[in-house]
Number of protein chains: 2
Amino acid sequence: MTSVSAGARQQDDASSSARRRRGTGSYDERRDRLADSALVTLGSLGYARTSLREIAANSEFTHGVIHYYFRDKTELITYCVRYYKATCVKRYDGVIRDSTTAEELVQAFADKLVETISTEAPMHRLWYDLRTQSMFDEALREDVLFIDATLETMIWRVLERYAALTGRPVRLPSSTAYAMLDGVFERALLRHVCGDARALQDLHATVLGALPLLLADA
Amino acid sequence: MTSVSAGARQQDDASSSARRRRGTGSYDERRDRLADSALVTLGSLGYARTSLREIAANSEFTHGVIHYYFRDKTELITYCVRYYKATCVKRYDGVIRDSTTAEELVQAFADKLVETISTEAPMHRLWYDLRTQSMFDEALREDVLFIDATLETMIWRVLERYAALTGRPVRLPSSTAYAMLDGVFERALLRHVCGDARALQDLHATVLGALPLLLADA
DNA sequence: GCACGGTCCTGACAGTCGTCAAGACCGTCC
DNA sequence: GGACGGTCTTGACGACTGTCAGGACCGTGC
């Protein structure tokens with residue numbers, strides 16, 4: 001995994017005052033703002049349909065600047081992916097921290113899953129898009145597998161807390177539990193994006209019903 | 001759902017002898033052979049990277065012919081999707097038919113899942129590609145949702161047979177069970193495509209372990 | 001005030017894409 | 001044998017893509 005902040009051109013000191021003459025913020029901050037714009041565009045159009053000109057048009061820059069901050073399109077995309085990961089890894093930490101009973105945790109977890117689809121559906125379909133593209137494009141695999149592993153441990157932390165609160169151990173390995181819940185989540189997202197009004201409430205009910213099955217019998 | 005055999009140009013009688021002068025087979029058969037070539041190319045490159053010229057290059061035709069048999073690229077793709085569906089819907093019928101005990105069925109089902117990844121991985125990643133693209137492109141949604149529903153009932157038939165053989169009912173609704181198994185399958189496919197040598201044996205073991213959890217206690 | 005250099009814009013390049021018009025090919029029928 | 005018409009090829013069109021060279025802009029340091 002190469003450094004995230006490896007720029008397109010040589011960059012001796014990102015925080016040097018000489019770098020702040022145009023635009024606002026540091027070199028890295030403007031990279032991140034470009035990544036922000038790119039993620040919005042990617043989430044709206046999908047990976048394949050998003051061009052660098054479109055990303056630039058939805059940002060404060062012009063299309064030529066992208067190659068000043070990123071070597072090529074692939075570097076921009078992978079930077080965006082890693083940048084995005086940082087925002088979603090801690091999504092359920094609050095659920096784990098604030099729940100004091102098993103029922104509370106299950107409810108909060110289901111609530112959070114629903115909320116994250118209703119407020120960030122474009123970002124999530126982008127993630128599934130990139131994960132699927134990684135099956136065709138080797139350049140994406142390293143990042144995708146890393147993020148997938150991160151999500152798996154995130155889910156596992158929820159389940160471990162759930163197991164601790166019930167006193168019953170999880171009876172599935174981490175990878176299986178994650179794959180199952182991810183399948184449920186992906187399907188709910190698809191239905192939601194397709195305009196199915198009941199997708200979210202069904203997701204909520206499904207999670208309430210399915211989580212207990214992941215634990216061993218009392 | 002519009003008719004699958006609605007051609008790009010008016011087509012009064014597909015089986016008329018006048019249509020057989022060039023090439024071999026009927027108009028519809030040549031459409032299907034074009035779809036065959038397109039599916040191979042799509043499975044190899046992915047939806048976004050597959051151009052009509054590339055499809056034609058991997059077929060017996062030239063790129064201009066595609067617009068003789070299909071109105072535009074979208075019609076070709078959706079035709080391919082429906083054409084493909086017919087080949088995968090009956091995939092587990094043999095498993096259901098030939099299994100006489102629950103253990104036999106679980107084994108045969110797991111075997112089939114592994115086999116279908118090892119022999120048809122490109123086709124499956126294409127399916128996931130198209131399903132994800134349907135979250136961005138409304139033109140694909142109708143076909144994707146239809147196929148997804150078909151796959152769900154296919155899985156449900158397996159589970160119903162499993163329930164009958166054990167005498168224990170499935171304790172999850174059809175949609176949840178399908179989403180969970182699909183998540184497991186998708187993850188195994190991703191790992192397999194990424195070169196993980198243990199992806200398939202893990203899938204096998206996972207299915208053996210997970211299927212009993214879908215049934216109510218004895 | 002002037003040169004330097006980081007930042008950004010403009011315009012162009014070659015390549016690829018979907019699409020389609022024009023016509024060649026050729027089996028069939030009068 | 002000649003006309004017909006379904007089938008297929010060729011070549012082109014405009015639009016779009018990622019990339020990059022050239023130079024404009026402008027804050028900083030001398």
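Each chain gets a letter, A, B and so on, in the order its sequence line appears, and its residues count up from 1.
- The 5' end of DNA chain D is approached more closely, in terms of each residue's nearest nucleotide, by B:F61 than by the other of B:F61 and B:R53.
- Put simply, CZ on B:R31 is 13 Å from P on D:dC8, counting in whole angstrom units.
- In this structure a side-chain-to-backbone donor-acceptor pair under 3.5 Å is present from A:T50 to A:G46.
- For the pair A:Y27 OH and C:dT7 P, the interatomic distance rounds to 7 Å; values are reported in whole Å.
- What separates CG of A:L52 from C1' of C:dA12 is a distance of 16 Å, to the nearest Å.
- Using a 4.0 Å cut-off between charged side-chain N and carboxylate O, B:R91 and B:E120 make a salt bridge.
- An OP1 or OP2 oxygen of D:dT9 is reached within less than 4.0 angstrom by no side-chain nitrogen or oxygen of B:Y68.
- The residue among A:G64 and B:R49 whose nearest nucleotide of DNA chain C lies closer to the 5′ end is A:G64.
- Distances shown here put every side-chain N or O of A:H67 at or beyond 4.0 Å from the OP1 or OP2 atom of D:dC20.
- The CG-P distance, from B:L76 to C:dT19, rounds to 10 Å in whole Å.
- In the model, B:N58 has no side-chain atom that pairs as donor or acceptor with a side-chain atom of B:S37 under 3.5 Å.
- Ring geometry, A:Y27 versus A:Y68: the interplanar angle exceeds 60°, so the pair is classed perpendicular (tilted spans 30 to 60°).
- Residue B:R131 holds its CZ atom at 14.5 Å from CG of B:D143, rounded to the nearest 0.5 Å.
- More than 12 heavy atoms of other residues, nucleotides or ligands shown are found within 6.0 angstrom of CZ on B:R49.
- Rounding to whole angstrom units, CZ of residue A:R33 and P of C:dT7 are separated by 13 Å.
- B:Y69 places its OH atom 9 Å from the P atom of D:dT9, with the value rounded to the nearest Å.
- In this structure, CZ of B:F70 is placed 12 Å from P of D:dC8, rounded to the nearest angstrom.
- Within a 6.0 Å sphere centred on CD of B:E138, heavy atoms belonging to other residues, nucleotides or ligands number 12 at most.
- Under 4.0 angstrom from either OP1 or OP2 of C:dC8 there lies at least one side-chain N or O belonging to A:R30.
- For the helix from C:dG1-D:dC30 to C:dC30-D:dG1, the rotation axes defined at the first and last 5 base pairs enclose an angle of 20°, given to the nearest 10°.
- For A:S51, no side-chain nitrogen or oxygen approaches OP1 or OP2 of D:dC16 to under 4.0 Å.
- In the set D:dG11, C:dC9, C:dG18, C:dC9 carries the atom at the smallest distance from any side-chain atom of A:V65.
- Here the P atom of nucleotide C:dC20 and the CG atom of B:D72 are 8 Å apart, to the nearest Å.
- Checking C:dT19, D:dC8, C:dC9 against the side-chain heavy atoms of B:K73 singles out C:dT19 as nearest.
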